[in-house]
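Each remark here refers to the structure printed beneath this line.
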Amino acid sequence: PADFSGKWILETSDKFEEYLKVLNIDFATRKIAISLSQTKVVTQDGDKFEFKTLSTFRNYELAFTVGVEFDEYTKGLDNRNIKVGTPHVSLVTWEGDKLVCTQKGEKANRGWKHWIEDEKLYLELTCEDIVCIQVFKRK
Ligand code: RET
């Protein structure tokens, strides 16, 4: 399987603001978020993963095991389970060498995919009809 572990730095980001908007993240937070340098720190132990998205403004940390459903509270992003009182049930699976997450909740068609291509880390974030693509290079 692919080796995601290590430190990655954001190189390009396409439709990130549109993605944040469809999550109802406010204007001011969006403007800060799109201007930030982001670092991903990934640790991988078999099918157990930790993805840390780090920035000077706020961090987002996610830990999961592939194939095991988990409650996700998108703290500091759209804070989804606080708002609606129901946790998102998220599930990450392998599709070939891609890590694919479906985030079942209030928002339709929400999820993400992570994969490695040409030594870059790709993150595709989807919500409703918006698809954002971020590309990271090794730090
Ligand atoms: C930042 C900065 C604060 C504001 C927002 C952010 C968005 C982070 C996102 C992270 C997604 C991470 C995923 C990891 C998967 O393993 C950069 C923390 C809104 C959308 C899907």
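Keep in mind the model is a prediction, meaning the values are calculated, not measured. Order of appearance sets the numbers: ligands from 1, and atoms from 1 within every ligand.
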Which heavy atom of [X] sits nearest to which heavy atom of [Y], and what is that distance?
X   : Y    : answer
D97 : A2   : OD1-N, 3.9 Å
S90 : Q103 : OG-CG, 3.6 Å
A33 : F16  : O-CE2, 3.8 Å
Y60 : Y73  : OH-O, 3.7 Å

Should the pair [X]-[Y] be classified as a salt bridge under the 4.0 Å nitrogen-to-oxygen rule?
X    : Y    : answer
D78  : R110 : yes
R138 : E119 : no
E72  : R80  : no

Q: State which residue, out of K40, Q134, E61, R58, fulfils the side-chain hydrogen bond (donor to acceptor under 3.5 Å, both in side chains) condition with T53.
A: K40
(Q) So if I apply the ring-ring contact (aromatic ring centres under 6.0 Å, His included) rule between Y122 and each of W115, F4, W8, which one comes out positive? (A) W115
Using a 4.0 Å cutoff against the non-hydrogen atoms of [X], which atoms of ligand 1 qualify?
X   : result
F51 : 16 (O)
L62 : 15 (C), 16 (O)
L20 : 19 (C)
F57 : 3 (C)

Q. Taking heavy atoms and a distance under 4.0 Å, where does L125 meet ligand 1: side chain, backbone, both or neither?
A. side chain
Q) Between F49 and ligand 1, which part of the residue brings a heavy atom under 4.0 Å of the ligand: side chain, backbone, both or neither? A) neither
Q: Measure the CG-CD distance between D129 and E18 for me, rounded to the nearest 0.5 Å.
A: 10.5 Å
What protein heavy atom is closest to [atom], reported as residue, atom name and distance in Å?
atom                    : value
atom 2 (C) of ligand 1  : L36 CD1, 3.6 Å
atom 6 (C) of ligand 1  : L77 CD2, 3.5 Å
atom 4 (C) of ligand 1  : A33 CB, 3.8 Å
atom 11 (C) of ligand 1 : K40 NZ, 4.2 Å
atom 10 (C) of ligand 1 : T53 OG1, 4.1 Å
atom 21 (C) of ligand 1 : W112 CD1, 3.4 Å

(Q) Can you tell me if R30 contacts ligand 1 (heavy atom of the residue under 4.0 Å from the ligand)? (A) no
Q) Who's closest to atom 15 (C) of ligand 1 heavy-atom-wise, of H114, K52, K75? A) H114
Q: Look at atom 18 (C) of ligand 1 and find which of E124, R58, E61 reaches it with the closest heavy atom.
A: R58
